[in-house]
Amino acid sequence: MLKIADLPQTLAVFPLPGALLLPRSRLPLHIFEPRYIQMFEDSLKTQNRLIGMIQPNAMSNNENALHSIGCAGRISQFSETEDGRFLITLSGVSRYHVNEEISGFLPYRKCSINWSGFENDLGLPERNVDIDREKLLKLLEKYFVSRGLSTDWDSLTQAEDELLVNSLSMLLDFDSQDKQVLLEAVDLAARYKSLITLLEFALRSGDHNEKIQ
């Protein structure tokens, strides 16, 4: 099992709005821009094969601003297409704080980072937290119906608490700021509460829009 001492102090970062990675979760990515192909190839040569996912900070006046917290993922799978694109999977390792961006001659962005405060990300899945699965699944069913979506309910009902909450946080179509709130949640219980709040707000907003029409 990795320890914080094993992790690098600088990281190639991939600013991608709405793409959320969480520890012990998996994120598929399609890499096709030349700068990110180089980022992928360079990261593949490093000891831990890490890429730092991070959200651009849309609330900043600086169009290049990043949020201060992201999540690093290890390149765990990849395949190359005939035209030179890459389909990769990142396995979430740990969240991190951005200290500062490192200037240089690379086409992609790198940051000086620290991992303090996220020691539990490197541990075992969180269990025995205060999660009302019945409430979550009922809200989720209403959310899917309101958007005409379907899912594999058997897989959802059988998933462990952490897998369920983290998968929904990553997959549901919340905006970037909401995804950031889910990322920064202190623990699984806090992420669950934020997820419930976002689902309830989305359903209320949908009802309001229907009445306006």
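We use all heavy atoms of the structure for the numbers below, so side chains are in, but hydrogens, waters and symmetry mates are not.
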Are Tyr36 and Tyr108 near enough that their ring centres are under 6.0 Å apart?
no
Taking the six-membered ring for Trp, are the ring centroids of Phe86 and His30 within less than 6.0 Å of each other?
no
The criterion is salt bridge (charged side-chain N to carboxylate O under 4.0 Å, His left out); which residues satisfy it with Lys138, sequence neighbours excluded?
Glu134
Using 30° and 60° as the class boundaries, would you call the ring planes of Trp115 and Tyr96 parallel, tilted or perpendicular?
perpendicular
Would you find a donor on one side and an acceptor on the other, under 3.5 Å apart, between the side chain of Arg24 and the backbone of Gly123?
yes
With Phe14, which of Leu29, Ile54, Leu90 fulfils side-chain contact (heavy atoms from CB on, under 4.5 Å)?
Leu29
Hphob cluster co-occupancy, Leu171 + Leu163, side-chain heavy atoms under 4.5 angstrom:
no
Side chains of Lys142 and Arg147 in contact at under 4.5 Å (non-hydrogen atoms):
no
Under the ring-ring contact (aromatic ring centres under 6.0 Å, His included) test, which residues partner Tyr143, sequence neighbours left out?
none
Once you round to the nearest 0.5 Å, how far does NZ of Lys179 lie from CE of Met53?
11.0 Å
CD1 (Ile69) and CZ (Arg95) are apart, to the nearest 0.5 Å, by 7.5 Å
When you measure from the side chain of His67 to the backbone N and O of Gln180, does any donor-acceptor pair fall under 3.5 Å?
no
In terms of side-chain heavy atoms, does Asp6 have a donor or acceptor partner in Asn48 at a distance below 3.5 Å?
no
Distance, nearest 0.5 Å, that separates CZ of Arg74 from OG1 of Thr46:
9.5 Å
Any chance the side chains of Asn57 and Ser60 put a donor and an acceptor closer than 3.5 Å?
no
Shortest non-hydrogen contact from Leu66 toward Cys111:
CD1-SG, 4.2 Å
Taking side-chain contact (heavy atoms from CB on, under 4.5 Å) as the criterion, tell me which of Arg133, Glu126, Arg127 meets it with Asp161.
Arg133
If you apply the rule side-chain contact (heavy atoms from CB on, under 4.5 Å), what do you find for Leu168 with Leu136, and how did you get there?
CA-CA 10 Å; Leu168 293 174; Leu136 175 58; 4.1 Å; yes
List the steps, then state whether salt bridge (Lys or Arg N to Asp or Glu O under 4.0 Å) holds for Lys110 with Glu101.
CA-CA 6 Å; Lys110 293 189 74 170; Glu101 188 162 351; over 6 Å; no
